Amino acid sequence: MRNMWTIASREYKHYFGTPAAYLVAFMLLVILGIIFYANVVGAMLQQFAPGVQIVLGPLVTLLLFATPAITMRLLADEQRLGTMELLLTAPVKDWELVVGKWLGGFLFMLTIIAITLLYPIYLHQIVDPGIDQGLMVSGYLGVILLTAVLTAIGVAVSSLFSNQIAVFFATLGVYLILWLVGLPSQAMGAMGGPLLKYLDLSEQFYSTFFQGIIDLSSVVYFVSLTALALFLGTISVDSRRWR
Amino acid sequence: MIQVDGLTKDYGPRRAIDNLSFHAEKGEILGFLGPNGAGKTTTMRILTGYMPPSSGKAMVAGYDVVDQSLEVRRRVGYLPETVPLYPDMTVYDYLKFMADLRHLPSAEERVDEALEMVHMEDRADGYIANLSKGMRQRVGLAQALLHSPEVLILDEPTIGLDPAQILDVRNLIRGLAGERTVLLSTHILSEAQQLCNRVLIINKGRIVAEDSPAQLQARLSGAQRVSVTVGGDGDGLVNLVASISGVAGVLSAKGNSLEIETVPGLDVRASVARAIVEAGYDLLELRNIGMSLEDIFIELTRESPAAPEMAESEDLESFEE
Ligand SMILES: Nc1ncnc2c1ncn2[C@@H]1O[C@H](COP(=O)(O)OP(=O)(O)O)[C@@H](O)[C@H]1O
Ligand SMILES: [Mg+2]
């Protein structure tokens, strides 16, 4: 447990000394701001009050790209630098290493997400009678759970390569599969259709948290998927020893 | 402290180490000597819990490296061949990180002590990226010493350093002896000779000899070497000397001096001196030179079945001071 925090805090601090991490955070906040501004202006012209969805929707899409950019280095860089040998011969359990890496990346992503709160807070000031606060809470809870999953997948994929660019695209590939896996559910009907729909990452977010609903089965889904990705990441690190 | 029995490791179809057995006692500096690809790193990685062996058993500090890997890792200090460091961390932060991973009670003090041991106190706040190779090596060594380990495993600790740095690191290692067991790998014979109580020569994954440096030297002293220097330019000297009975061959000839190898057990100095003087040369010097460990090493590894691939022995010289 303690090692997990030691590793997480090293990673978290590391991001604050990395220009690339600032760039990712900056890009996300700027693009989100531009979309936010366009939406607010558009809504004003059409005389209706925009909701917090104008932040949540684009934020989720941007996270799909920002997260792997943040997580790609986590284990891949240890392999590139040869420091994996250092960590795997220190008295650290493999899961502590993987979960620690995840936690460090997750906390940094949460820091970025915390800054995005400025947009809904500002929105709350300018619309009358303010935004739907229940939706804001459920939406951000969903975003946090989703980020936990995305970060965990990022760490697991990062254990497979020593090249960060390879990790980035492989991670995006895994996201894409999980994001779209529910698409054929309609065509499949009762035969596994509901199952595919349950497995679909976007469905789990957009049909519940995004609608202001906090659904226990969705929470279970996100937490389980995070745990599963971290478990597979641990197996992957452990398997390095046997190669 | 270290007990290895029948250790074997296969990388796919390739056998890197084959049925290795050896031991190291408390307080001993055991040298692991062999050319590149001999299996030194592989053995050390198994002993430090980085990877399991394909078969065989190894105990380090009283614990099994496979079944009690964490216990072993707590008690071993390891400097990998690649000297893994984080370039974007300061020396101090790096060591503090490693000390925290080992749950050292007074981590800051331990870091300061380790820095002192490797004489890097003044570079504590410098970034690792800006350090010279020798300094990095010392930071790696400090990392291995943080927890005062019972067993210290150093994989080619002087590789790639310049002569001054090599001396520096060797002195450091010598200073560590006594309290802990040190297993050190090198492909430089004189290094093993200078640092180790006992040397284990390994080639192609097998142990080919195991002894104290002095004993190893004595073992092959049957064959002698004689150095000869004459006045003038020494034209025709090589042919003359080679024809003397008892001379096995001329090893090197530089102008007016040459080095000859004798048939084991024969002292040829008298007949060489007579022949040279009779041929009209001025004999300036004639002396026996013992075979160096380098020669013994080449001799021993040549005897092993895979001898033709011994091209690595060339860089033996290149790293000599
Ligand atoms: N990860 C690996 N995969 C495949 N073969 C390896 C690997 N590591 C080492 N080898 C092979 O195992 C043999 C022993 O290597 P090594 O232990 O590194 O020797 P040394 O450290 O004495 O130079 C060499 O033939 C090397 O090519
Ligand atoms: Mg090696």
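All values reported here derive from a predicted model rather than from experimental measurement. Naming: A, B, ... by sequence-line order, numbering from 1 per chain.
Proximity to chain A is absent for every atom of Asp93(B), based on heavy atoms less than 4.5 angstrom apart. Glu96(A) does not touch chain B: none of its heavy atoms, backbone or side chain, sits under 4.5 Å away. Heavy atoms of Thr48(B) lying under 4.5 Å from chain A belong to its backbone as well as its side chain. Heavy atoms closer than 4.5 Å to chain A are found in the backbone of Leu85(B), but not in its side chain. Only the side chain of Tyr78(B) comes within contact range of chain A, with heavy atoms under 4.5 Å apart. In this structure, chain A has heavy atoms under 4.5 Å from both the backbone and the side chain of His103(B).
Contact count versus chain A (heavy atoms, under 4.5 Å) is highest, among Gly12(B), Gly77(B), Pro52(B), for Pro52(B). When each of Arg45(B), Gln143(B), His147(B) is scored by its heavy-atom pairs under 4.5 Å with chain A, the top score falls to Arg45(B). For chain A, the option among Glu71(B), Arg75(B), Arg74(B) with the highest count of heavy-atom pairs below 4.5 Å is Arg74(B). Interface remark: of the candidates Thr89(A), Leu88(A), Thr6(A), Val92(A), Thr89(A) forms the most heavy-atom pairs closer than 4.5 Å to chain B.
Taking the six-membered ring for Trp and the full ring otherwise, Phe108(A) and Phe16(A) have centroids separated by under 6.0 Å. Ring centroid separation for the pair Phe26(A) and Tyr22(A) does not come in under the 6.0 Å cut-off.
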Quiz item: How far apart are the C-alpha atoms of Lys57(B) and Asp5(B), what are their side-chain angles, what is the distance that settles it, and do they pass the salt bridge (Lys or Arg N to Asp or Glu O under 4.0 Å) test?
Solution: CA-CA 5 Å; Lys57(B) 191 174 161 65; Asp5(B) 284 308; over 6 Å; no
Practice problem: With salt bridge (Lys or Arg N to Asp or Glu O under 4.0 Å) as the test, would you mind laying out the steps for Lys26(B) and Glu150(B) before giving the verdict? | Solution: CA-CA 8 Å; Lys26(B) 192 173 168 65; Glu150(B) 297 165 53; 5.8 Å; no
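The pair Arg10(A)-Asp100(B) fails the salt-bridge criterion, with no side-chain N (NZ, NE, NH1 or NH2) lying under 4.0 Å from an Asp/Glu carboxylate O.
Checked against side chain to side chain contact (heavy atoms under 4.5 Å, CB included), Ile144(A) has the following partners two or more places apart in sequence or in another chain: Phe106(A), Leu110(A).
A donor and an acceptor atom, one from each side chain of Ser185(B) and Asp155(B), are located under 3.5 Å apart.
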